[in-house]
Amino acid sequence: MTVHTRRSFCRFCHANCAMLVDVEDGKVAGVRGDPEDPMFGGYTCIKGRQLPDAHNLPDRITQSLVRGDDGAFAPVAMAEALDEAGARLKAIVDEHGPHAVAVYCGTYAFQNSAGVGAAMAFAQGLGTRNFYTSVTLDQPAKVYTTARYGQWMGGLNTFSDADVALFLGNNPIVSHYAPPGGLPPFSPSRRLRDAKEAGLKLIVADPRESDVAGLADIYLPVRPGEDPALLAGMIHVILKEELYDRNFVAAHVDGLDALRDAVAGFTPAAAAERAGVDADAIVAAARMFAGGSKGCAVTGTGPEMAGKGVLTEYLVTALNILCARFCQEGEKSAIPRVFTPQTPRRAQVGPPGPMYGEGFPKSRIRGLGMLGFEMPCNVMADEILTPGEGQIRALICIGGNPEIAFPNQRKVVEALDSLDLLVAIDVRMAATARRADIILAPKMCLEREDITNLSEWWYETPYARYTEAMVEAPGDTLDEYEMLWELAKRIGTGMPLAGGPCPMDERPDKQRFLDLMSAGCLVPPSRVRADTEDGRAVIYEDLHPVVEPADPAEAHKFDLAAAGMPGALADYGNASPDADGFDFRLVSRRSRHRFNSSGHHLPGLRAKRTTNPAFFHPDDLQDLGLAEDDIVAITSPRATIYGVAAASDKLRRGVVSMAHAFGDGDAGKDDVRDKGNSTNRLVDETVDYDPLTGQSVQSAIPVRIAAA
Ligand SMILES: Nc1nc2c(c(=O)[nH]1)N[C@H]1C(S)=C(S)[C@@H](COP(=O)(O)OP(=O)(O)OC[C@H]3O[C@@H](n4cnc5c(=O)[nH]c(N)nc54)[C@H](O)[C@@H]3O)O[C@H]1N2
Ligand SMILES: Nc1nc2c(c(=O)[nH]1)N[C@H]1C(S)=C(S)[C@@H](COP(=O)(O)OP(=O)(O)OC[C@H]3O[C@@H](n4cnc5c(=O)[nH]c(N)nc54)[C@H](O)[C@@H]3O)O[C@H]1N2
Ligand code: SF4
Ligand SMILES: [Mo]
């Protein structure tokens, strides 16, 4: 058989690495990095290289499944599964109203370029407030702080321009994730080494010496959950030594005195005590960061999930503001973004967004509000379990796995099992899918057209791709946007999109759908497709926006005193960080060989690792009377899970570090080596959650350890 090789990009994760795909006999036979791609230069990771298996494994779900009266799944045609789902959803809406239907977009909804757009349109067409995405389990505080404190309309400095960088709990060498201003996730290790060779100064704060920490000029082994102390200490030094950009602050910043008062108590000695690092290192880090001319402080998931996400993001934002880490007039604007609706790029502060939850409906649970159009995931289980007006009775779960990834696993299981209808869109019998009434079989990435709208948040040039489908999907599958359209059609609701209502008489093809969804963007998907030659990326260099002068009619300032954050810092300073009897802190990390709960079924990844080891400092293991490979019981105030002990001298004492959304349910002592466990069983979403975003303590979880 002849092999045809075509260009596409990976969608195993959000990085969208450029790939060459070998197609043989209508199947994906091989993938490798595309060495000619100007952004990725041939880079791939071990996960992406599993795409042939992911597409071809015999146990992939390629036929929809409906649970019969006997409780067993039976394969049915897609049209029939959609008929049944549509009819049951319609009946629930007719009887209980639209809020009774919830939609959840997990990571694989994002990795389909039309997935979240279609899901949001479906939810809005239906009129339900119960729209959830993994963003609110991930880093909602970033969304909150940016909206609240105003944004610099010209954008943050890019990593390529930086001569200094501060990474707090972000390890892009493994995660391929960074917020704006951070390390673009394309060949991240090489990029970081090159930048260091060119003179970049790197500061990393992480309770474990992560891959990026190993390359740092200053490494701060911060105590889990105590980033606010570290950041307040750095700001204290920067203000006291007047290392900040005084011209910029005078022109663009209000509330400096409130911040100055709030950090007054965080002298280097006091901050060091609380954060568990050297006072000298805090001073050196402050001087190094402020001494750079360009480059940002950024956080990953670790500090956001450690209980004080909004406060932490506020302080990070304050650091970047004080040091004016923004693109200035006449410079190319940071991240151009071809497929995202364009906003003006000017050298000024944009208008502040509404307070978190302002102007949007509230949840019935704990008074938590929405993040933009999203309900926080941490209320979903209670919204399902709590009777009354608006109770969720049906859930459509798109490319997500709440049983493994949501806090409070036991409650989530109880909630999922109590639904009248659970529709899961998944490629395998994942833990959540196993509880579904209906499983819809999706196309996988190399069987779809897609655009690079997810990864373009990192492109420093106007780089864009429109990929064709590489192969025909097997079985009876649809693209997620098609499933949602078919469901809306059956329920009789519409799908409002940026470019107007989605036509509901005839299902639009993907190009049409993407064009409607992306209306207002720099270059419409259809034009990128037309401009594409031989499957390569298109770079619209002359469309790269340049930062324009400020518009004097629109005068805004950053307000460092807004939203009570200086007060929150003072409260934090006065609180005692101890949790009685729980002397360890369990911190999350990403596994190189999994994508959250995905990958356990892929032989190439299983061969590398079958469990998520519980890493301890060797001295802690010894003090606990434990040895490597022992099974340990990890107990939080909420529950106990088992883990396999591993030693690592890269951890600080008193910390246990585990990959989070692992496994397929609750593994016991006997099978944890083969399955791993989800740390979310330990989490209680109703205690110590961030009062603004509802984010629960998913990292820095208080635990105690014993031999099992
Ligand atoms: N304690 C703790 N909890 C956490 C975190 C943490 O650090 N600590 N991290 C949080 C974060 S950042 C996130 S984003 C969430 C993730 O939360 P989720 O997105 O809910 O979890 P995933 O495991 O990514 O779910 C992906 C699902 O998609 C399925 N899938 C795989 N390929 C495809 C495909 O091609 N199409 C479709 N339709 N489905 C597919 C997989 O089988 C899996 O069931 O977890 C959060 N939970
Ligand atoms: N291989 C792989 N890649 C992934 C994923 C995956 O599961 N596997 N998941 C994807 C997803 S959904 C996301 S959101 C991104 C996340 O991307 P990142 O945020 O970069 O994720 P991590 O690599 O877990 O890095 C988080 C770091 O925070 C540290 N940390 C934990 N608690 C604290 C704390 O209290 N303070 C500080 N300062 N640090 C702390 C951890 O030790 C860890 O090194 O990764 C994505 N990429
Ligand atoms: S980094 Fe992400 S996009 Fe790139 S090859 Fe790995 S899984 Fe695929
Ligand atoms: Mo995430």
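In what follows, every heavy atom counts, from backbone to side chain, and hydrogens, waters and symmetry copies are set aside. Counting convention: from 1, in listed order, for ligands and their atoms alike.
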Proximity to ligand 1 by part of M305, non-hydrogen separation under 4.0 Å: side chain
Salt bridge (Lys or Arg N to Asp or Glu O under 4.0 Å) assessment of D382 paired with K411: CA-CA 8 Å; D382 278 330; K411 193 197 271 187; 3.0 Å; yes
N/O separation below 3.5 Å, S699 to ligand 2: yes
S591 contact mode with ligand 2 (heavy-atom cut-off under 4.0 Å): backbone
Nearest protein heavy atom with distance in Å, relative to atom 44 (O) of ligand 1: D426 OD2, 2.6 Å
Distance filter under 4.0 Å to A405 heavy atoms, resulting ligand 1 atoms: 3 (N), 4 (C), 16 (C), 17 (O), 18 (P), 20 (O), 21 (O), 45 (O), 46 (C), 47 (N)
Nearest option to atom 10 (C) of ligand 2, as decided by whichever heavy atom of F615, F595, Y177, F662 sits closest: F595
Residue and atom name of the nearest protein heavy atom (relative to atom 41 (C) of ligand 1), distance in Å to one decimal: S598 OG, 3.3 Å
Closest to atom 26 (C) of ligand 2 among G169, C45, C13, P228 (heavy-atom distance): G169
Ligand-residue contact atoms, ligand 1 with A430, heavy atoms, under 4.0 Å: 44 (O)
salt_bridge(D620, R653) N-O dist < 4.0 Å: yes
Of the listed options R223, R594, K308, Q698, closest to atom 2 (C) of ligand 2 (non-hydrogen atoms): R594
Sub-4.0 Å atoms of ligand 1 with respect to non-hydrogen atoms of G106: 19 (O)
Polar atom proximity, I425 to ligand 1 (N or O, under 3.5 Å): yes
Ligand-residue contact atoms, ligand 1 with R590, heavy atoms, under 4.0 Å: 7 (O), 9 (N), 11 (C), 12 (S)
Heteroatom proximity flag, H14 to ligand 2, N/O under 3.5 Å: no
K510/D450 ion pair, N-O < 4.0 Å: yes
Sub-3.5 Å N/O-N/O distance, H660 and ligand 2: no
Proximal candidate to atom 35 (O) of ligand 2 [heavy atom criterion; set G225, A700, A213, S588]: G225
Pair H600 and F662, ring centroids less than 6.0 Å apart: yes
Presence of salt bridge, D59 and R428, under 4.0 angstrom: no
Mode of E226 contact toward ligand 2 - side chain, backbone, both, neither (heavy atoms, under 4.0 Å): neither
T679 neighbourhood, listing ligand 1 atoms whose heavy-atom distance to it stays under 4.0 Å: 1 (N)
Near-ring test W458/H14, centroid separation under 6.0 angstrom: yes
For atom 18 (P) of ligand 1, closest protein heavy-atom neighbour: Y104 OH, 3.3 Å
Nitrogen or oxygen atoms of N170 and ligand 2 under 3.5 Å apart: yes
Electrostatic pair E447-K27, nearest N-O below 4.0 angstrom: no
Ion pair D227/K308, N-O distance below 4.0 Å: no
Salt bridge (Lys or Arg N to Asp or Glu O under 4.0 Å) assessment of R592 paired with D211: CA-CA 11 Å; R592 209 179 272 278; D211 303 70; 2.9 Å; yes
Enumerated ligand 1 atoms positioned under 4.0 Å from heavy atoms of E480: 36 (N), 37 (C), 38 (N)
Side chain, backbone, both or neither: the part of D138 lying under 4.0 Å from ligand 2 by heavy atom: side chain
Sub-4.0 Å heavy-atom approach of H593 to ligand 2: no
Partner of R681 by side-chain contact (heavy atoms from CB on, under 4.5 Å), out of I634, I641, T640, N408: I641
Protein heavy-atom partner closest to atom 24 (O) of ligand 1 - residue, atom, separation in Å: T107 OG1, 2.5 Å
N171 N/O under 3.5 Å from ligand 2 N/O: yes
Any N or O of H176 closer than 3.5 Å to N or O of ligand 2: no
Atoms of ligand 1 close to R428 [distance to a heavy atom under 4.0 angstrom, numbered from 1]: 42 (O)
Enumerated ligand 1 atoms positioned under 4.0 Å from heavy atoms of S134: 14 (S)
contact_flag P303 ligand 2 heavy-atom lt 4.0 Å: yes
